[in-house]
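Structure first, commentary second.
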There are 2 protein chains.
Amino acid sequence: MAQAHGPSRSAPATLSDVARLAGVSIATASKALNGRDQVRAETRQRVIEAAARLSFRPNQVARGLLAGRTGTVGLLTSDLEGRFSIPILMGAEDAFGAGEVAVFLCDARGDTIREQHHVRALLGRRVDGLIVVGSRTDPRRSLGRELPVPVVYAYAPSEDPEDLSIVPDNVGAGRMAVDHLLACGRTRIAHITGDPGYAAARDRAEGARAALADAGLSLAGEPRFGAWSEGWGRAATALLLDRHPDVDAVLCGSDQIARGALDVLRERGHRVPEDVAVMGFDNWQVLTSACRPPLTSVDMNLEEVGRAAARALFTAIAGDHGRGVETLPCRVVVRGSTAPLS
Amino acid sequence: MAQAHGPSRSAPATLSDVARLAGVSIATASKALNGRDQVRAETRQRVIEAAARLSFRPNQVARGLLAGRTGTVGLLTSDLEGRFSIPILMGAEDAFGAGEVAVFLCDARGDTIREQHHVRALLGRRVDGLIVVGSRTDPRRSLGRELPVPVVYAYAPSEDPEDLSIVPDNVGAGRMAVDHLLACGRTRIAHITGDPGYAAARDRAEGARAALADAGLSLAGEPRFGAWSEGWGRAATALLLDRHPDVDAVLCGSDQIARGALDVLRERGHRVPEDVAVMGFDNWQVLTSACRPPLTSVDMNLEEVGRAAARALFTAIAGDHGRGVETLPCRVVVRGSTAPLS
DNA sequence: AACGTCACAGAAAACCTTTTCGGTCAGCTT
DNA sequence: AAGCTGACCGAAAAGGTTTTCTGTGACGTT
């Protein structure tokens with residue numbers, strides 16, 4: 001199966017090939033192709049044709065060496081598997097791709113050693129900047145202030161306030177969720193959420209509480225912290241219904257938890273959304289659309305987080321450094337699991 | 001918030017800085033650091049210390065320009081959002097990272113124009129090779145034979161048999177699934193699967209049929225093609241139970257379909273796995289562990305597909321080209337939804 | 001003392017592009 | 001005819017590293 005011929009592997013054409021074919025010097029060829037003046041229109045045309053014939057593509061490596069900027073950035077994720085990195089990565093890739101910047105992808109797999117290794121490798125390649133994507137919104141160790149290139153932290157903020165971090169506004173997300181439920185006329189709202197070790201869980205709960213307080217209300221019972229799983233969603237909902245049979249809304253800390261809640265509600269004969277409204281967080285398409293009824297959820301706008309991080313890195317590379325933690329708003333996506341009380 | 005000072009942005013040390021500090025010429029410094037001979041041990045030591053003091057990292061850009069190989073590859077996905085690309089990407093990143101190769105990530109978003117654009121950009125950066133990751137196992141258009149670097153197709157094979165493609169063995173996966181159900185003593189096996197426009201659906205069905213034929217059996221009814229959704233899983237299972245109330249196993253074309261099937265079975269009072277065994281494909285953790293009972297599923301070994309693609313690209317870059325479609329075996333992951341008939 | 005050998009260090013070329021600066025030539029003015 | 005202007009083109013340097021080739025001493029041999 002293996003063999004050694006393969007397709008044509010001729011070395012790509014260089015500028016001097018183009019120049020030779022067009023009968024001009026290298027310098028003239030460069031000027032002609034880059035739209036600089038000092039070149040007669042007719043000469044320029046000859047060069048352009050020669051370049052086309054050889055399918056010449058300027059060597060970005062050489063250009064990078066000369067310019068001191070390579071037009072590349074490193075994107076360092078700590079956990080590709082987790083589903084939060086992907087939309088951020090897509091947003092960043094999108095924003096950079098438009099700006100002719102190429103992205104090196106590195107996955108540290110949650111290992112600090114590997115992360116250090118990747119940082120060194122990326123610096124060796126003279127990236128113009130770095131984006132560090134975390135897997136949780138809890139603050140993470142800074143890469144340090146002594147790096148030769150700007151760094152932007154996305155999703156997981158840096159512990160160092162001198163660094164620039166872009167994160168979704170989880171507190172605001174909790175507020176928005178409760179505001180939506182209040183707008184639906186719900187007043188007995190319970191909150192079932194995930195692992196209290198996660199800032200996301202605490203922040204969302206805090207936002208929910210604050211929004212209720214603003215309305216002169218409070219949660220039905222304490223927030224129920226547990227795990228980010230359907231199993232916990234089911235268990236906690238069962239308990240909730242025993243203790244507070246009159247709830248008219250369950251705000252769940254994730255779509256998975258919400259899915260579990262929906263299943264138990266349905267099994268126990270509660271109608272959603274007529275009797276009880278249910279909401280989740282993350283707006284994870286596969287889950288929200290598989291739920292019965294489809295799940296209203298708060299979208300964390302992660303793709304926008306990625307785009308914003310990319311833009312921030314752009315301006316930092318241009319010399320204009322930001323600092324501190326910048327939060328981005330989320331948005332409620334309404335589906336069948338919430339509706340006004342009739 | 002924005003401002004212009006920021007951390008130290010001194011240009012990284014160059015080899016000539018090191019040489020000057022060590023009091024030797026650039027050439028000697030290079031030889032000392034790269035372990036070549038022609039350098040006295042004492043001199044070498046001085047150079048190494050100087051390099052450490054300046055935290056010198058050789059400029060891979062310059063090295064790449066000289067060597068003609070950049071130590072970079074392009075990873076071109078057609079659909080990052082879809083969950084199949086990610087494990088492949090992780091496997092490839094893993095295999096390359098160990099080999100000191102850096103990966104450019106590009107997402108074409110299913111758009112041919114954008115794909116072409118990315119290919120050109122990557123070639124301009126003089127990548128040593130390309131991996132093209134598809135979102136479906138259906139054959140896709142080749143990038144062409146005239147590219148100056150080797151290309152390996154992963155997941156979605158190239159239409160051109162001269163190209164090298166690495167794909168999971170969906171036919172084999174169908175066989176393995178049925179073999180497992182047969183080993184559990186099941187004989188009345190139904191198959192509910194997804195969109196018949198997908199080769200994955202057809203291949204798995206074909207494998208299932210072949211394995212049953214080998215055992216002198218056939219499917220309970222025709223394979224039920226539909227959509228890759230829980231909704232279809234529910235609907236098809238309801239129909240199936242009406243038509244064939246005596247099935248003792250349902251092989252589902254995806255974990256989502258299987259989840260729908262499980263829900264309907266439970267709602268109708270069938271015990272899983274005692275009365276009916278249920279299996280899915282893809283081994284999508286979030287789903288398999290959220291199911292009641294946890295779902296037995298066929299893992300497509302996508303990470304291994306990514307690793308194999310990376311290895312194949314490695315050897316292709318070394319000049320040893322493969323061709324044709326190479327299939328990789330899958331594996332059954334047994335959980336609570338299948339068990340021997342008692 | 002002349003020569004050869006050996007160990008080591010440095011100069012320079014190569015990789016490819018961009019940019020600066022100097023040079024050539026036609027055409028024009030005085 | 002001499003000088004000037006302006007348009008155009010090419011030589012060369014720069015960017016950082018690796019490698020080849022050419023020294024340059026020290027030392028040992030004849």
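Letters A, B, ... mirror the listed sequences (proteins, then strands); counts begin at 1. Just so you know, these numbers come straight off a predicted model, no measurement behind them.
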Are the side chain of A:Y153 and the backbone of A:L143 linked by a donor-acceptor contact shorter than 3.5 Å? yes
Among [options], which is the nearest nucleotide to the side chain of [X]?
X	options	answer
B:T43	C:dC8, D:dC9, D:dT17	C:dC8
B:A27	D:dT19, D:dG10, C:dC8	D:dT19
B:Q38	C:dC8, C:dC16, C:dG10	C:dC8
A:K31	C:dT19, C:dC15, D:dG15	C:dT19
B:T14	D:dT18, D:dG16, C:dC8	D:dG16
A:R63	C:dT17, D:dT18, D:dG10	C:dT17
A:T28	C:dT17, D:dG15, D:dG10	D:dG10
B:S30	C:dA9, D:dG10, D:dT18	D:dT18

Please give, in whole Å, the distance from [N] [atom2] to [X] [atom1]?
X	N	atom1	atom2	result
A:E42	D:dC8	CD	C1'	12 Å
B:Q60	C:dC15	CD	C1'	15 Å
A:L66	C:dT18	CG	P	8 Å
B:R44	C:dA7	CZ	C1'	13 Å
B:D37	D:dT20	CG	P	12 Å
A:R125	D:dT17	CZ	P	14 Å
A:R36	D:dG10	CZ	C1'	17 Å
A:L33	D:dC9	CG	P	13 Å

How is [X] classified with respect to the nucleic acid when contacts are heavy atoms under 4.0 Å: base, sugar-phosphate, or nothing?
X	answer
A:V39	sugar-phosphate
B:N34	sugar-phosphate
A:V24	sugar-phosphate

Closest-nucleotide ordering on DNA chain D, the 5'-leading residue of B:A13 and A:R46: A:R46
Nearest-0.5 Å distance, OG1 of residue B:T137 to OH of residue B:Y155: 5.5 Å
Taking A:T70 as the fixed residue, which of A:R126, A:R63, A:R125 is the one that meets the side chain to side chain contact (heavy atoms under 4.5 Å, CB included) rule? A:R126
N-O pairing of A:E42 and A:R46 below 4.0 Å: yes
Is the shortest distance from a Lys or Arg side-chain nitrogen in A:R140 or A:E115 to a carboxylate oxygen in the other one below 4.0 Å? yes
Taking for each residue the nucleotide of DNA chain C with the nearest heavy atom, is it B:A41 or B:A67 whose nucleotide lies nearer the 5' end? B:A41
Could you go step by step and tell me if A:V119 and A:L147 meet the side chain to side chain contact (heavy atoms under 4.5 Å, CB included) rule? CA-CA 10 Å; A:V119 169; A:L147 290 175; 4.3 Å; yes
For A:R40 and D:dC9, is the shortest distance between a side-chain N/O and OP1 or OP2 below 4.0 Å? yes
